[in-house]
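Here's the structure we're looking at; comments come further down.
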Amino acid sequence: MAETMMMIPKRHLHDDIEIPQLGFGVSQVPPAETQAVVECALEAGYRHIDTAAAYGNEEGVGAALAASGLPREDYFVTAKLWSPQPDPNATVAALEASLDRLGLDHVDLYLLHWPVTAGGGPVGTWQTLEEIRREEAARAIGVSNFRVEDLELLEREAAIRPALNQVELNPRIQQRELRAWHAEHGIVTEAWSPLAQGRILSDETIASAAKDHGRTPAQVALRWHLQLGNVVIPKSVRPERIRENLDVFGFELTVEEMAAIAALDRGMETPAVSRSTIAAR
Ligand SMILES: NC(=O)c1ccc[n+]([C@@H]2O[C@H](COP(=O)([O-])OP(=O)(O)OC[C@H]3O[C@@H](n4cnc5c(N)ncnc54)[C@H](OP(=O)(O)O)[C@@H]3O)[C@@H](O)[C@H]2O)c1
């Protein structure tokens, strides 16, 4: 375990903070199972947990972190505010509620989960997140599901640039334009659903690279992300897969394999239907 932890590279966030490039996502982990699943992940060597108020399982994450006995500075926690709030007090109250459920006095990264226009749009809420960061309730602040146009809006209005944008990204949805924009503006790219929730694991190109390296398709997909520079947060509730997804530092994809996976891009993005559903919540 200690060996794997040592091997997890870090990405520098512009706030002088480092984020482990491979973390553990807990979306859709049932609340009653979350403590055990996160304990398993910590035991395996993960030191970065990605959660959100919307996942309904922050208590389980907090219980696992407390039970681990790990010093606070040894792990990185991301939490998320569901959507823009017209009242700054509501944003502060949402973070305080998350901290309470997590049993923490600060998070390492606080993200605005969706850039919907409901609640007055993202700009006012972002200014509250800036205040939260100044007061160190969050060491860094960022966004999620922001498109270039959403980032451009913040770029015009914000005092602090988002440290990171967490977006749907996998070999079929490669987000090239967005990644280029991030690179140009010093924003770290984080991939949600990095395995496309398992849907890319039967792809022939990925399976063939996995066979050549004596690895699994999931390991090849995660390796592709890491070599691109993405932060990744795969989720699993199964101990063997939790360990498998972390065991990705002992091999490297060739330039040709990276190019073959690059060719799998279908240019899709988070479906518009998700955005309108979110906005309606
Ligand atoms: N910001 C956002 O809007 C947003 C949206 C979605 C997700 N996220 C974050 O991203 C994290 C990951 O995304 P995700 O959970 O949607 O999808 P994912 O990590 O791409 O895939 C998870 C799925 O793949 C399976 N799986 C995991 N490892 C596997 C392996 N080695 N071999 C075969 N199957 C494997 C899991 O099943 P088992 O659990 O049965 O192993 C689960 O069904 C989330 O947990 C959450 O933290 C953020």
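The figures that follow rest on heavy atoms only: side chains count, while hydrogens, waters and symmetry mates do not. Since the structure is predicted, the reported quantities are computational estimates derived from the model, not experimental observations. Whatever order the structure lists them in is the order used to number ligands and atoms, beginning at 1. We're numbering straight along the sequence, starting at 1.
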Is ligand 1 under 4.0 Å from a heavy atom in the side chain of Q219, in the backbone, in both, or in neither? neither
Taking only heavy atoms of E244, which atoms of ligand 1 are found under 4.0 Å from at least one of them? 30 (C), 31 (N)
Residue pairs meeting ring pair (Phe, Tyr, Trp, His ring centres under 6.0 Å), one or both in residues 89-108, sequence neighbours left out, come to none
When you look for heavy atoms under 4.0 Å from ligand 1, do you find them on the side chain of A218, its backbone, both, or neither? side chain
Which residue supplies the protein heavy atom nearest to atom 36 (C) of ligand 1, what is that atom called, and how far is it? K235 O, 3.6 Å
Would you kindly specify which portion of S144 sits under 4.0 Å from ligand 1, judged on non-hydrogen atoms: side chain, backbone, both or neither? side chain
Would you call Q166 a ligand 1 contact, heavy-atom distance under 4.0 Å? yes
For atom 3 (O) of ligand 1, the closest protein heavy atom turns out to be N145 ND2, 2.9 Å
If we only count N/O pairs under 3.5 Å, is P234 in contact with ligand 1? no
Nearest to atom 26 (N) of ligand 1, what protein heavy atom do you find, and at what distance? R241 NH1, 3.8 Å
Quick look: A196 vs ligand 1, heavy-atom contacts under 4.0 Å, and the answer is backbone
Per-pair distances, 0.1 Å, donor-acceptor, side chain in residues 235-244, under 3.5 Å, sequence neighbours excluded:
{"residue": "S236", "atom": "OG", "partner": "R238", "partner atom": "N", "Å": "3.0"}
{"residue": "E244", "atom": "OE2", "partner": "T216", "partner atom": "OG1", "Å": "2.7"}

In terms of atom number and element, which parts of ligand 1 are under 4.0 angstrom from non-hydrogen atoms of G198? 24 (O)
Give the numbers and elements of all ligand 1 atoms closer than 4.0 Å to a heavy atom of L201. 32 (N), 33 (C), 34 (N)
